[in-house]
Amino acid sequence: MLLAAGLGAGVYALRRTPAAAPKAPGHAAAPAAVVAEPARRGPMVRALDGIGTVTPLATVTVRSRVDGQLMAVHFTEGDVVEAGALLAEIDPRPYQVALAQAEGQMARDQALLANARVDLERYRRLVATDSIPKQQLDTQAALVSQYEGATQTDQAQIDQARLQLTYSRITAPISGRLGLRLVDPGNIVHASDAGGLVTIAQIEPIAVLFTIPEDSVPSVLEKVRGGGPPLVVEAYDRAQQRRLASGRLLTVDNAIDPTTGTLRLKAQFDNADGALFPNQFVNARLLLDRQDDAILIPSAAVQRSAEGAFVYVVQADQTAARRAVRLGLSDDDAVAVEDGVSDGELVVVDGADAVRPGRPVAIRTPLAAAAP
């Protein structure tokens, strides 16, 4: 009985509940609060970022090619030298003596050769008149050949002595920056010494080795094999705030590192200002594509549906309009619009969930911009 009475009271209450009042004709929905930014013109690039290390194009350890006492050093540590510049001198006197000895032996053998040739001509005339046996002529001809071989050996000894004398003057094999001096004057140096005298690192031009993810390799190889101009590579400092240098992609490694899943690339920089230093850490940016005059909008403004990408545009009457867009290059913050948005139009970047075509919008200031 109590349950039936309760149900009856509930039915009665429902019947007595007044219906919601109908909306007055012409009542408009409240504006949607959004953050909007204008589309702008500017350059857009598609780039790959990688961690790199500055590497000299060539590094040479200068060593002595002869044994002897280091008599003089003609360089200052840290200097930039040109190829062929005199760096040091080894005591040349032992090699001067060896050269003089070889030249003396040459003079002796040349005199013997000249005398043997005179006798050979005499014997030929005598054989023609049957004055001497032909065997004597053959013996003399063999003697001439022997002296000719001796003079060739002497010439080789002279060339060797001159070469050793030349090696006593140590010159720079490449152009570059010198390191610290490893041997002081007065020490005895040997051609077999492992340490050498000084190192030279070629820094103009200089290279940067950096890596890219293996997922990005096909797009890079497509550009490399396309036959166009070399791809531009920019080097930034550790904080990626300051661009240090701009160069070009030189080559791509022949295998992906299975441990890290990355591919190594080498870029070359002129480095005329010396901004890059060997073994310096840099952030490398490989530029794949570039649009110099593109319509740019924030990446957050792009919405996607089954029909494709679209954005909400704030019209002059402060209502929203949906625009289908055709997108071009993009980076982390912006995207280039090839069709659908004009320069200066406001696009919704925050609050798009509450926006509908034709609905009024109220543009609010983003928190980041409002902060002092």
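No hydrogens, no waters, no symmetry mates; every other heavy atom, side chains included, goes into these values.
Cation-pi geometry between R304 and F310 is not met: the NZ or CZ atom fails to fall both under 6.0 Å from the ring centre and inside 45° of the normal. In this structure, R65 forms a cation-pi arrangement with Y167, its terminal cationic atom sitting closer than 6.0 Å to the ring centre and no more than 45° off the ring axis.
Using modelled atom types, one side-chain atom of Q280 and one backbone atom of F277 make a donor-acceptor pair closer than 3.5 Å. No donor-acceptor pair under 3.5 Å is formed between the side chain of D79 and the backbone N or O of V81. Side-chain N or O atoms of D270 include none that pairs as donor or acceptor with a backbone N or O of A272 at under 3.5 Å. Formation of a donor-acceptor pair under 3.5 Å by the Q318 side chain with backbone atoms of P360 is not found in this model. In this structure, the side chain of S168 does not engage the main chain of E89 through any donor-acceptor pair within 3.5 Å. Formation of a donor-acceptor pair under 3.5 Å by the N115 side chain with backbone atoms of L112 is not found in this model. Using modelled atom types, one side-chain atom of D317 and one backbone atom of T319 make a donor-acceptor pair closer than 3.5 Å. A distance-only check finds a donor-acceptor pair linking the side chain of R356 to the backbone of D353 [under 3.5 Å].
Counting non-hydrogen atoms of other residues, nucleotides and ligands closer than 6.0 Å to CZ of R264 gives a total of 12 or fewer. Surrounding CG of N187 are more than 12 heavy atoms belonging to other residues, nucleotides or ligands, all under 6.0 Å away. No more than 12 heavy atoms of other residues, nucleotides or ligands shown are found within 6.0 angstrom of CD1 on I51.
Residues satisfying the side-chain hydrogen bond (donor to acceptor under 3.5 Å, both in side chains) test with Q135, not counting sequence neighbours, are none. Residues meeting the side-chain contact (heavy atoms from CB on, under 4.5 Å) test with I206, sequence neighbours left out: V54, I203, F269, N271, L276, P278.
At a threshold of 4.5 Å between non-hydrogen side-chain atoms, the residues Q69 and I90 do not count as touching. Between P173 and I200, some side-chain heavy-atom pair lies under the 4.5 Å cut-off. Using a 4.5 Å heavy-atom threshold, the side chains of L87 and T171 count as separate. Between T151 and M106 there is a side-chain heavy-atom pair separated by less than 4.5 Å. Counting heavy atoms from C-beta on, the side chains of L265 and L286 come closer than 4.5 Å. For the pair L120/L137, a side-chain contact is recorded, criterion being any heavy-atom separation below 4.5 Å from C-beta on. Under the 4.5 Å side-chain criterion, counting only non-hydrogen atoms from C-beta, R169 is not in contact with T166. With a 4.5 Å cut-off on side-chain heavy atoms, P218 and L221 do not count as touching.
The OH atom of Y123 lies 5.0 Å from the CD atom of Q140; values are rounded to the nearest 0.5 Å. Atom CG of L327 sits about 13.0 Å away from atom CD1 of I295, to the nearest 0.5 Å. The OH atom of Y95 sits 11.0 Å away from atom CG of L163, with the distance rounded to the nearest 0.5 Å. Separating the OG atom in S145 from the CG atom in L113 is a distance of 9.5 Å, to the nearest 0.5 Å. I158 contributes atom CD1, which lies 6.5 Å from atom CG of D154 (distance to the nearest 0.5 angstrom). Here the CG atom belonging to L197 is positioned 7.5 Å from the CG atom belonging to L182, to the nearest 0.5 angstrom.
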- [ ] Apply side chain to side chain contact (heavy atoms under 4.5 Å, CB included) to N283 and D237, showing your working.
- [x] CA-CA 6 Å; N283 287 288; D237 61 1; 5.7 Å; no
- [ ] Could you walk me through whether R41 and D293 pass the salt bridge (Lys or Arg N to Asp or Glu O under 4.0 Å) test, one step at a time?
- [x] CA-CA 6 Å; R41 286 191 178 274; D293 190 22; 3.4 Å; yes
Open item on the list: Before you tell me yes or no, could you show the steps for R46 and L287 under side chain to side chain contact (heavy atoms under 4.5 Å, CB included), namely the whole-Å CA-CA distance, both residues' side-chain angles and the distance that decides it to 0.1 Å?
Closed with: CA-CA 6 Å; R46 181 165 66 99; L287 307 182; over 6 Å; no
Open item on the list: Working note: Q157 + Q101, criterion side chain to side chain contact (heavy atoms under 4.5 Å, CB included); need CA distance, chi angles, decisive distance, verdict.
Closed with: CA-CA 9 Å; Q157 294 294 333; Q101 183 178 1; over 6 Å; no
- [ ] Tell me, with the steps shown, if F210 and D49 meet side chain to side chain contact (heavy atoms under 4.5 Å, CB included).
- [x] CA-CA 9 Å; F210 64 100; D49 293 331; over 6 Å; no
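Smallest separation of non-hydrogen atoms from A352 and Q303: CB-NE2, 3.7 Å. In this structure, G195 and T61 approach most closely via the heavy-atom pair O-CG2, 3.5 Å. Of all heavy-atom pairs between G52 and V208, the closest is CA-CG1, 4.3 Å. Heavy atoms only, all atoms of each residue included: S342 and A39 are closest at O-CB, 3.5 Å. When all heavy atoms of K266 and A207 are compared, the closest pair comes out as CG-CB, 4.0 Å. Considering every non-hydrogen atom in both P205 and L57, the closest pair reads CG-CD1, 3.3 Å.
In summary, of the residues considered (R323, R40, Q315), a side-chain hydrogen bond (donor to acceptor under 3.5 Å, both in side chains) with E345 occurs for R323 alone. With respect to E121, the side-chain hydrogen bond (donor to acceptor under 3.5 Å, both in side chains) criterion is satisfied by exactly one of R125, R117, R124: R124.
A donor and an acceptor atom, one from each side chain of R322 and S305, are located under 3.5 Å apart. Checking S246 against E234 by side-chain atom types alone, no donor-acceptor pair falls below 3.5 Å.
Comment: R364 engages D350 in a salt bridge, judged by a side-chain N to carboxylate O separation of less than 4.0 angstrom. Using a 4.0 Å cut-off between charged nitrogen and carboxylate oxygen, R177 and E204 do not count as a salt-bridge pair. Using a cut-off of 4.0 Å between Lys/Arg side-chain N and Asp/Glu carboxylate O, E103 and R108 are scored as not salt-bridged.
A continuous path of Ile, Leu, Val, Met, Phe, Trp and Tyr side chains, each step under 4.5 Å between heavy atoms, connects V217 with V233, placing both in one hydrophobic cluster. Under a hydrophobic clustering in which Ile, Leu, Val, Met, Phe, Trp and Tyr are joined whenever their side-chain heavy atoms come within less than 4.5 Å, directly or via other members, L250 and I212 fall into different clusters. Put simply, V335 and V341 are part of the same group of oily side chains (I, L, V, M, F, W, Y) that touch within less than 4.5 Å, one to the next. No chain of hydrophobic side-chain contacts below 4.5 Å, direct or via other Ile, Leu, Val, Met, Phe, Trp or Tyr residues, connects L296 to V337. Both I170 and L165 are assigned to one and the same hydrophobic cluster, defined by single-linkage of ILVMFWY side chains at heavy-atom distances under 4.5 Å.
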